[in-house]
Amino acid sequence: MIDLHTHSTVSDGTDSPRDLVRLAAEQGISTLALTDHDTTVGWAEARIAAEEHGIQLIEGAEFSTTDPSTRSTIHMLAYLFDPASPDLVAEIGRAQTARRERGRRIVDLISADYPLTWEDVSALVPEGTTLGRPHIAEGLIAKGIVQSRDEAFDTILYDNGPYDIALERMSPLKLVKIIAASGGVSVAAHPRAATRNAGLSAQSLTELADAGLFGLEVRHPEHDEAARIELTGIAQRLGLAITGSSDYHGHGKSVRLAAETTTPDVLEALTTRAAKNISTR
Ligand code: AMP
Ligand code: FE
Ligand code: FE
Ligand code: ZN
């Protein structure tokens with residue numbers, strides 16, 4: 001079983017990297033990618049745990065990007081890149097700062113209507129952890145304003161709602177180029193997730209494929225059958241690999257590990273592509 005999209009406590013998951021790897025091993029997963037939002041700080045702990053439990057770890061991250069044509073946020077998965085790549089270190093630094101500033105502004109908006117303070121939220125997010133709306137949801141839960149992350153997103157934090165502030169990041173195209181130049185492989189995350197923005201157009205996906213995009217995350221818990229059929233067609237037309245992953249967030253979301261999986265031949269192509277990108281840097 002191969003699961004190429006999971007989150008730990010270094011971003012908005014609820015299991016530490018160590019616990020996440022242990023759970024994966026216990027559940028019979030042979031290859032796990034750790035893909036926390038806009039950070040690589042969980043890699044070292046996950047690597048030690050993966051060696052201890054005898055499973056393969058694919059180091060990764062899920063980067064937030066901004067589609068220049070729609071201004072909407074697009075998530076891009078990146079695997080096996082050099083975490084010391086100056087371009088990526090700079091982008092991660094900018095993302096961390098932008099996320100804290102945006103988080104504070106979102107909490108300011110909420111605090112006009114609900115008894116939530118920035119201290120309530122920031123207390124839940126240690127330095128070095130990527131802050132996101134799920135942490136604001138946790139603050140709302142801690143204050144008894146909502147009962148769950150889902151309720152927080154349904155009633156207060158939903159995309160483009162009165163308390164949403166866009167995260168302004170680089171374009172998906174620029175990110176794909178930087179990832180390839182950093183020896184990594186990129187996959188468009190959940191391009192048709194129902195609850196989110198419209199996602200990447202077929203035209204944008206064509207441009208990304210030309211720039212070196214490796215694959216599309218076709219099998220994702222938030223993709224319905226129509227989305228899977230459409231994306232499979234696009235992937236076949238553009239020669240892109242098809243991945244499947246859970247996007248596990250611990251108890252932050254109801255999905256379980258390996259709810260969707262990737263086939264061994266695609267994993268093999270991914271590691272081969274990464275080895276090629278590293279050698280041609
Ligand atoms: P942000 O990156 O700060 O914009 O927050 C987006 C994150 O919120 C996504 O990565 C999801 O993990 C999480 N999220 C979105 N909708 C929900 C939901 N209904 N329940 C729990 N988590 C959610
Ligand atoms: Fe998340
Ligand atoms: Fe995502
Ligand atoms: Zn994710």
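Indexing begins at 1, ligand by ligand and atom by atom, following the structure's order. Treat the numbers as computed from the prediction; the structure is a model and nothing was measured.
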Legend entry - P134 near ligand 1 by a heavy-atom separation under 4.0 Å: yes
Legend entry - Check: T206 and L238 side chains under 4.5 Å, non-hydrogen atoms: yes
Legend entry - At the Zn ion (ligand 4): angle between D247 atom OD1 and H5 atom NE2, to 10 degrees: 80°
Inset, instruction - Examine the side chains of Q56 and S30 and answer whether a donor and an acceptor come within less than 3.5 Å of each other. - result: no
Inset, instruction - Compare L167, V255, D12, I106 and give the one whose heavy atom is closest to atom 7 (C) of ligand 1. - result: D12
Legend entry - Partners passing salt bridge (charged side-chain N to carboxylate O under 4.0 Å, His left out) against R273 (at least two apart in sequence or in another chain): none
Legend entry - Residue portion contacting ligand 1 (non-hydrogen atoms closer than 4.0 Å) for E62: neither
Legend entry - W43: partners by ring-ring contact (aromatic ring centres under 6.0 Å, His included), with sequence neighbours left out: F81
Inset, instruction - Report yes or no: do D3 and S246 form a side-chain donor-acceptor pair below 3.5 Å? - result: yes
Inset, instruction - For R149, counting its heavy atoms only, list the atoms of ligand 1 lying under 4.0 Å from any of them. - result: 21 (C)
Inset, instruction - Indicate, as side chain, backbone, both or neither, the part of D247 found under 4.0 angstrom from ligand 1 when only non-hydrogen atoms are considered. - result: neither
Inset, instruction - Without swapping roles, check the side chain of R133 against the backbone of L157 for a donor-acceptor pair under 3.5 Å. - result: yes
Inset, instruction - Examine H37 against ligand 1 and note whether any of their N/O atoms are separated by less than 3.5 Å. - result: yes
Legend entry - Subset of ligand 1 atoms that lie under 4.0 Å from at least one heavy atom of H75: 10 (O)
Inset, instruction - State the atoms of ligand 1, each with its element, that fall below the 4.0 Å cut-off from a heavy-atom position in H249. - result: 12 (O)
Legend entry - D150 N/O under 3.5 Å from ligand 1 N/O: yes
Legend entry - Heavy atom of H7, distance to ligand 1 below 4.0 Å: no
Inset, instruction - Assess H7: does it contribute an N, O or S atom lying under 2.8 Å from the Zn ion (ligand 4)? - result: yes
Inset, instruction - Verify whether one side chain among D36 and S8 offers a donor that lies under 3.5 Å from an acceptor in the other. - result: yes
Inset, instruction - Check all N, O or S atoms of E62 and name the one closest to the Zn ion (ligand 4). - result: OE1
Legend entry - Any donor-acceptor N or O pair under 3.5 Å, side chains D108, S111: no
Inset, instruction - Indicate, as side chain, backbone, both or neither, the part of K253 found under 4.0 angstrom from ligand 1 when only non-hydrogen atoms are considered. - result: side chain
Legend entry - Contact check, side chains of R94 and M170, non-hydrogen atoms, under 4.5 Å: yes
Inset, instruction - Tell me yes or no: between the side chains of E230 and H223, is some donor less than 3.5 Å from an acceptor? - result: no
Legend entry - Protein N/O/S atoms closer than 2.8 Å to the Fe ion (ligand 2): D12 OD2, H37 NE2, H249 NE2
Legend entry - R99 side chain to S64 side chain, donor-acceptor N/O pair below 3.5 angstrom: yes
Inset, instruction - Could you note down all residue pairs passing ring-ring contact (aromatic ring centres under 6.0 Å, His included) where residues 1-26 supplies at least one of them, sequence neighbours left out? - result: H5-H7, H7-H37, H7-H249
Inset, instruction - Return yes when R102 approaches ligand 1 closer than 4.0 angstrom through a heavy atom, no otherwise. - result: yes
Legend entry - Close-contact set for ligand 1 against G252 heavy atoms, below 4.0 Å: 21 (C)
Legend entry - Under 3.5 Å donor-acceptor, R219 side chain and T261 backbone: yes
Legend entry - Electrostatic pair E26-R22, nearest N-O below 4.0 angstrom: yes
Legend entry - Ligand-residue contact atoms, ligand 1 with G132, heavy atoms, under 4.0 Å: 3 (O)
